[in-house]
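Written below as structure tokens is the structure these notes are about.
Naming: A, B, ... by sequence-line order, numbering from 1 per chain.
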Amino acid sequence: MLTQGPRGTKDVLPDTSCQWQYVEKKIRATCDIFAYQEIRTPIFEHTELFLRGIGETTDIVEKEMYTFQDRGERSITLRPENTASVVRSFLENKLYGQATQPVKLFYVGPMFRYDKPQAGRFRQFHQFGAEAIGTQQPTVDAEIITLAVCFLQDLGLTELKLQLNSVGCPNCRPAYRDTLKAFFSSKLHDLCSDCQSRYDRNPLRILDCKNPACQAASLGVPEISACLCGECDDHFAALQRLLGVAGIDFTLNPRLVRGLDYYTKTAFEIQYAPLGAQSAVCGGGRYDGLIEECGGPATPAIGFAIGIERVLLALEKQNLLPELSKTSTVFIAPLGEAAQLMAFKLLFEIRKQNIAADMDFMGRSIKAQLKQANRQQARFVAIIGDDEANSGNVMLKDMTAGTQELISVSEVANTILKQMGEL
RNA sequence: GUGGCUGUGGUGAAGUGGUUAACACGGCGGAUUGUGGCUCCGUUAUUCGAGGGUUCGAACCCCUUCAGUCACCCCA
């Protein structure tokens, strides 16, 4: 259908675009304060990047990517997330060599996933994310988490819940995997079909399953915190101390597992419960192996992504969105052709003085034009009829006071500036 | 991908087989000569998401499809 956009997409119309601008402004302000710089990567990449980066067995890669062949017969994919692209760009532009370390980046932009649309879930959606690349120090984990939390809190959101876990590293995760497999081996038939396949491919994900049968089966499961290696354990403990110092509340959730394969050590998620089913507003974690996996030097990194649509929904729930203010200072109301010519000239003279101005483009009656000026909340209306056009004057009406005076066209901008200055 | 609910003008909606599809808001026009916000009057859907079928007759029944919505799943 020509009159219908693709499923799961949304237009941002003039009455809501100011809300997006508000959030984007807050993103830039927060990142500026945290010393993160913006990076803009293309919205499509070679499919291979996401296969390797995100993991071939993840849901995103298996069934949610917008993949197509371009005219050069390359397999191209619309980015389902931005971390892989940032890593690619980091390597391609050799940011590990030139910039001060760690490299601290943020991005804002559209992502694409072929999901079934639902509240807070779209096929084109927008993420704000940040990545700190180049250090394994827990201080940067704490900084990244603090950045996400501060951003959301500064917007005024309450009822935010930060959940924290450590998913281990290549040294200790295999051991935990084995522990899990040993634990579930006797209960395999109790698990849902998804989890039965997860048993072999990614047993960690069983912990995350919401199926009551699987939750029951995993009662008494050994927690990963008990199986972390010394390094991961120290790292996790240090992170918790740092968050404590920063005054960031969190709950430990030993079952928190991120859906993307590249995560190591720190994993976190920020929930905003009132959103319902899609309550995750932010997700992130450390990905110490990803850059090497992509062919770069072994480089530790951590990042997060925040769903902007979900943030907007949360802000709406709490009535924290800015009002649309649509005011042009002056509205020019010409009557007749001669007046229109003069009005058009005046319009641009006024605008040159940086005064927001609009005029009638419908050829309507004076009454209708004033009505429109009123709707637009114009402070002044410059009425130009035959008399005024002939004498080079303008009837300038103050819409708040209801008064009007006849002045020369050349005086209009100055008069307005003067009156505005008095306010 | 699976399942539930929904789909009437710009918006919110009434109408659930029978002549011209309520009502409200909004829009447009008007109520003394060129003046808004209040009030009053007029006007504003050849058509009920789309396509097919049943019927003398369909917005109302059936099928298909598209979309929205909610849940599962997944995730931001």
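For A/Asp115, there are no side chain to side chain donor-acceptor pair (under 3.5 Å) partners, not counting sequence neighbours. Qualifying side chain to side chain donor-acceptor pair (under 3.5 Å) partners for A/Thr139, counting only residues two or more places apart in sequence or in other chains: none. Shown here are the side chain to side chain donor-acceptor pair (under 3.5 Å) partners of A/Glu269, two or more places apart in sequence or in another chain: A/Arg258, A/Gln271. Under the rule for a side chain to side chain donor-acceptor pair (under 3.5 Å), the partners of A/Glu309 that lie at least two apart in sequence or sit in another chain are A/His126.
Sorted by residue number, the list of members of residues 40-47 of chain A with any non-hydrogen atom under 4.0 Å from RNA chain B is empty. Residues of residues 6-18 of chain A that place a heavy atom closer than 4.0 Å to RNA chain B, in numerical order, are A/Arg7, A/Gly8. Scanning residues 118-129 of chain A for heavy-atom distances under 4.0 Å to RNA chain B yields A/Gln118, A/Ala119, A/Gly120, A/Arg121, A/Phe122, A/Phe125, A/Gln127.
One atom, CZ of A/Arg113, and another, P of B/G1, lie 17 Å apart when rounded to the nearest Å. B/A76 atom P lies 15 Å from atom CE of A/Met65, rounded to whole Å. A straight line from CD of A/Glu269 to C1' of B/A76 spans 9 Å, rounded to a whole angstrom. Rounded to an integer number of Å, the gap from A/Gln4 CD to B/A50 P is 11 Å. Computed from coordinates, the A/Ile332 CD1 to B/G36 C1' distance equals 17 Å when rounded to whole Å. If you take CD1 of A/Ile54 and P of B/C75, they are 11 Å apart, rounded to a whole angstrom. Rounded to whole Å, atom C1' of B/A71 lies 10 Å from atom CD of A/Gln278. For the pair A/Phe380 CZ and B/U35 C1', the computed distance is 17 Å after rounding to whole Å.
Listed by first and then second residue, the salt bridge (charged side-chain N to carboxylate O under 4.0 Å, His left out) pairs that reach into residues 339-354 of chain A are A/Lys345-A/Glu349, sequence neighbours excluded. Under the salt bridge (charged side-chain N to carboxylate O under 4.0 Å, His left out) criterion, no residue pair touches residues 154-168 of chain A, with sequence neighbours excluded. Screening residues 75-93 of chain A for salt bridge (charged side-chain N to carboxylate O under 4.0 Å, His left out) gives A/Glu45-A/Arg88, A/Arg88-A/Glu92 as the qualifying pairs, with residues at least two apart or on separate chains.
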Query - Test side-chain contact (heavy atoms from CB on, under 4.5 Å) applied to A/Tyr107 and A/Thr41, step by step - result: CA-CA 8 Å; A/Tyr107 59 84; A/Thr41 63; over 6 Å; no

Query raised in the report: Which is it for A/Gln124 and A/Tyr66 under the side chain to side chain donor-acceptor pair (under 3.5 Å) test, yes or no, and what are the steps along the way?
Result: CA-CA 10 Å; A/Gln124 178 178 159; A/Tyr66 278 93; over 6 Å; no

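Ion pairing between a basic and an acidic side chain is recognised when a charged N comes within 4.0 Å of a carboxylate O; A/Lys63 and A/Asp59 show such pairing.
For A/Lys265 and A/Phe236, the positive end is not near the middle of the six-membered ring at less than 6.0 Å and at most 45° from its axis.
Taking atom P on both nucleotides, B/U69 is separated from B/G27 by 27 Å, rounded to a whole Å. The gap from the P atom of B/A22 to that of B/U47 amounts to 15 Å, rounded to the nearest Å. As rounded to the nearest Å, B/U43 and B/C25 have C1' atoms that lie 15 Å from one another. Rounded to whole Å, the C1' atom of B/C60 lies 15 Å from the corresponding atom of B/U6. If you take atom P in B/U46 and the same atom in B/A59, they sit 14 Å apart, rounded to whole Å. The separation of B/A50 from B/A13, taken at their C1' atoms, amounts to 22 Å, rounded to a whole angstrom. The gap from the P atom of B/C28 to that of B/C38 amounts to 13 Å, rounded to the nearest Å. One P atom belongs to B/G52, the other to B/G57, and the distance between them is 16 Å to the nearest Å.
Between A/Leu321 atom CG and A/Thr16 atom OG1 the span is 9.5 Å, to the nearest 0.5 Å. From A/Leu335, atom CG reaches atom CD1 of A/Ile366 across 4.5 Å, with rounding to the nearest 0.5 Å. A distance of 7.5 Å separates CG of A/Asn393 from CD of A/Glu388, quoted to the nearest 0.5 Å.
Among the heavy atoms of the strands lying under 4.0 Å from A/Lys397 is at least one base atom, whether or not backbone atoms are also near. Residue contacts shown for A/Glu309 are absent, as no nucleic acid heavy atom lies under 4.0 Å away. Nucleic acid contact class of A/Ala305 (heavy atoms, under 4.0 Å, all strands): sugar-phosphate only.
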Requested in this report: Take nucleotides 26-34 of chain B nucleotide by nucleotide from the 5' end and write B, S or -, depending on whether a protein heavy atom sits under 4.0 Å from the base, only from the sugar-phosphate, or from neither.
Outcome: -SSSSB--B

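The closest donor-acceptor contact from the side chain of A/Gln369 to the backbone of A/Arg364 lies under 3.5 Å. Between the A/Arg379 side chain and the A/Thr329 main chain, no donor and acceptor come within less than 3.5 Å of each other. Put simply, the side chain of A/Thr266 never gets that close to the backbone of A/Asn165: no donor and acceptor are under 3.5 Å apart.
Mapping A/Ala378 and A/Leu275 onto RNA chain B by nearest heavy atom places A/Ala378 closer to the 5' end of the strand. Summary of the strand contacts: A/Arg310 and A/Leu370 both lie near RNA chain B, and taking for each the nucleotide with the nearest heavy atom, the more 5' one is attributed to A/Leu370.
You'll find the ring centres of A/Phe34 and A/Phe106 outside the 6.0 Å limit.
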Query raised in the report: Once Watson-Crick and G-U wobble pairs under 3.5 Å are found, how is RNA chain B written in dot-bracket notation, 5' to 3', with | for any base paired to another strand?
Result: ((((((((.[[[..)..(....]]]((((((.......))))))....[[[[[..)....]]]]])))))))....

